[in-house]
Participant: 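Once you've had a glance at the structure underneath, I'll fire off some questions.
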Amino acid sequence: MYTAHPDRYADMPYRRTGRSGLKLPALSLGLWHNFGPDRPAETQRAILRTAFDLGVTHFDLANNYGPPPGAAEEALGEALKADFAAYRDELVISTKAGYLMWPGPYGEWGSRKYLLSSLDQSLKRMGLDYVDVFYSHRPDPDTPLEETMGALHSAVQQGKALYVGVSNYSAEQTREAARILADLGTPLLIHQPRYSMLDRRPEESGLLDALDELQVGSIAYSPLEQGLLTARYLDGIPEDSRAASDSPFLQRDAVTADLVASLRELNEIASSRGQSLAQMALAWVLRGGRVTSALVGASSPQQLRDSVAATASLAFDDEELARIDAAIKG
């Protein structure tokens, strides 16, 4: 029987999410594609136990995580029942809806029917009465934003979610979503954008500025840029890597000679900081406190431990930041 480590809160930094009372760990665990029937159940449970023992109290999911879709939520449901029943109030569990889950016109996007039906299915898969955060996973170009935000508000009113968030929304869409939710009486808690040293659109598009102004939290996904910001690609494309597998998330032709040269320079900077490239990439996303938390995946407990070690050194001086920018710009 699992018993959580007594010192689990000793080292992990926690950050307040926007102007809310909710604090998130600097690193959160994303269950994305590492939890499903193609992975050993015991490994999945060991990753979750290790996360909680290290103070990673936030588990992030979506209805379509797996594979197949729904499998990650089912895996978490089994782990919650077996290991975490006594710790539910120490956990923040989030899920999302927006991408394709079932056939027909009601199986994706942002209608009230889809979002609330999906949330009910997610709760059933996880064996929960409520989630802590429920997200609109992507904006719907054909559904009024008032309807999508109204569905999130209803989830809170029904007691099925404590907070709500959005993901993949532009700065303008986020401002409007926050306005609608404020009028309804359910504040926008958090935005989940893709953000990394190699993907700076949240900065360049003004999204981070909008979140600062709105006092909305943020949690960055893909901070390691699908594994590019690790030691995996310092010598090109390994045959067992994501880029070599025809993954839709990382194409082989994205790993250019110029990118590899940049990664090697970044790795040298990381070494001078006493960090791995992956640890520096996580620290960079969290620098300065603008981002509440960074989402990491893990295929093993040790990989998660290595990621959590990044929180020991989150500060950068101006010279380091300039060297990082120069390395990326080539």
Side-chain angles (χ1 to χ4, degrees), residues 2-17 22-35 39 42-61 65 72 75-76 79-80 83-84 87 90-94 132-133 190 192 194-197 217-232 266-267 269-316 320:
Y2 168 70
T3 300
H5 197 286
D7 296 328
R8 57 190 175 277
Y9 296 115
D11 298 319
M12 175 62 67
Y14 296 87
R15 296 177 169 188
R16 192 170 299 280
T17 311
L22 183 69
K23 291 182 178 180
L24 291 180
L27 289 185
S28 298
L29 179 63
L31 273 66
W32 194 44
H33 276 202
N34 288 315
F35 288 78
R39 306 292 177 100
E42 192 52 40
T43 300
Q44 296 175 43
R45 286 179 63 186
I47 292 168
L48 292 168
R49 294 188 203 113
T50 300
F52 191 54
D53 285 343
L54 293 172
V56 178
T57 53
H58 178 208
F59 299 157
D60 178 80
L61 302 99
Y65 289 178
L76 180 63
L80 291 172
D83 295 330
F84 296 101
Y87 304 106
E90 297 183 47
L91 292 171
V92 173
I93 297 171
S94 60
D132 297 277
V133 188
I190 194 167
Q192 187 173 130
R194 179 167 179 158
Y195 183 43
S196 74
M197 286 194 294
S218 59
I219 179 166
Y221 75 87
S222 291
L224 301 182
E225 201 61 29
Q226 300 296 322
L228 285 176
L229 290 168
T230 69
R232 294 277 283 158
L266 292 171
N267 189 57
I269 300 168
S271 295
S272 71
R273 288 172 49 85
Q275 293 180 314
S276 68
L277 175 54
Q279 288 168 341
M280 184 179 77
L282 293 172
W284 184 91
V285 165
L286 293 166
R287 76 200 186 285
R290 292 189 84 185
V291 171
T292 312
S293 184
L295 275 169
V296 295
S299 57
S300 69
Q302 186 55 50
Q303 188 178 42
L304 184 61
R305 293 187 193 99
D306 291 343
S307 293
V308 169
T311 63
S313 182
L314 298 179
F316 290 80
E320 288 173 325

Participant: With sequence neighbours excluded, what pairs up with Arg273 under the salt bridge (Lys or Arg N to Asp or Glu O under 4.0 Å) test?
Facilitator: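 Partners of Arg273 under the salt bridge (Lys or Arg N to Asp or Glu O under 4.0 Å) test: Glu320.
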Participant: So, using side chain to side chain contact (heavy atoms under 4.5 Å, CB included) as the criterion, who are the partners of Asp132 when residues are at least two apart?
Facilitator: Arg88, Val92, Ile93, Tyr130, Leu162
Participant: Strictly by modelled atom types, are Ser307 and Gln303 linked by a side-chain donor-acceptor pair under 3.5 Å?
Facilitator: no
Participant: Does any donor atom in the side chain of Asn34 or Tyr65 lie under 3.5 Å from an acceptor atom in the other side chain?
Facilitator: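 Tyr65 and Asn34 do not have a side-chain donor-acceptor pair below 3.5 Å.
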Participant: Go through the structure and list residues passing side-chain hydrogen bond (donor to acceptor under 3.5 Å, both in side chains) with Arg49, not counting sequence neighbours.
Facilitator: Glu42, Asp83
Participant: Are the side chain of Ser218 and the backbone N or O of Arg290 linked by a donor-acceptor pair below 3.5 Å?
Facilitator: yes
Participant: In terms of side-chain heavy atoms, does Ser293 have a donor or acceptor partner in His58 at a distance below 3.5 Å?
Facilitator: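 No pair is found: no donor N or O on one side chain lies under 3.5 Å from an acceptor on the other.
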Participant: Taking only residues two or more places apart in sequence, or in another chain, which ones meet Tyr14 in a side-chain hydrogen bond (donor to acceptor under 3.5 Å, both in side chains)?
Facilitator: none
Participant: For the atom pair CD1 (Ile190) and CG (Leu24), what is the distance rounded to the nearest 0.5 Å?
Facilitator: 5.0 Å
Participant: Does any donor atom in the side chain of Glu225 or Tyr195 lie under 3.5 Å from an acceptor atom in the other side chain?
Facilitator: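 Distance-only check fails for Glu225 and Tyr195.
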Participant: Taking side chain as C-beta onward, heavy atoms only, is Val56 less than 4.5 Å from Met12?
Facilitator: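 They are in contact (side-chain heavy atoms under 4.5 Å apart), so the answer is yes.
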Participant: Taking only residues two or more places apart in sequence, or in another chain, which ones meet Arg287 in a salt bridge (Lys or Arg N to Asp or Glu O under 4.0 Å)?
Facilitator: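 By the salt bridge (Lys or Arg N to Asp or Glu O under 4.0 Å) rule, Arg287 matches Glu203.
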Participant: Using the test side-chain hydrogen bond (donor to acceptor under 3.5 Å, both in side chains), find all partners of Ser276 that sit at least two apart in sequence or belong to another chain.
Facilitator: Gln279
Participant: How about Phe52 and Phe59: are their ring centroids closer than 6.0 Å?
Facilitator: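 Not under 6.0 Å, so no.
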Participant: Minimum heavy-atom separation for Thr50 and Pro301, please, with both atom names.
Facilitator: OG1-CB, 3.5 Å
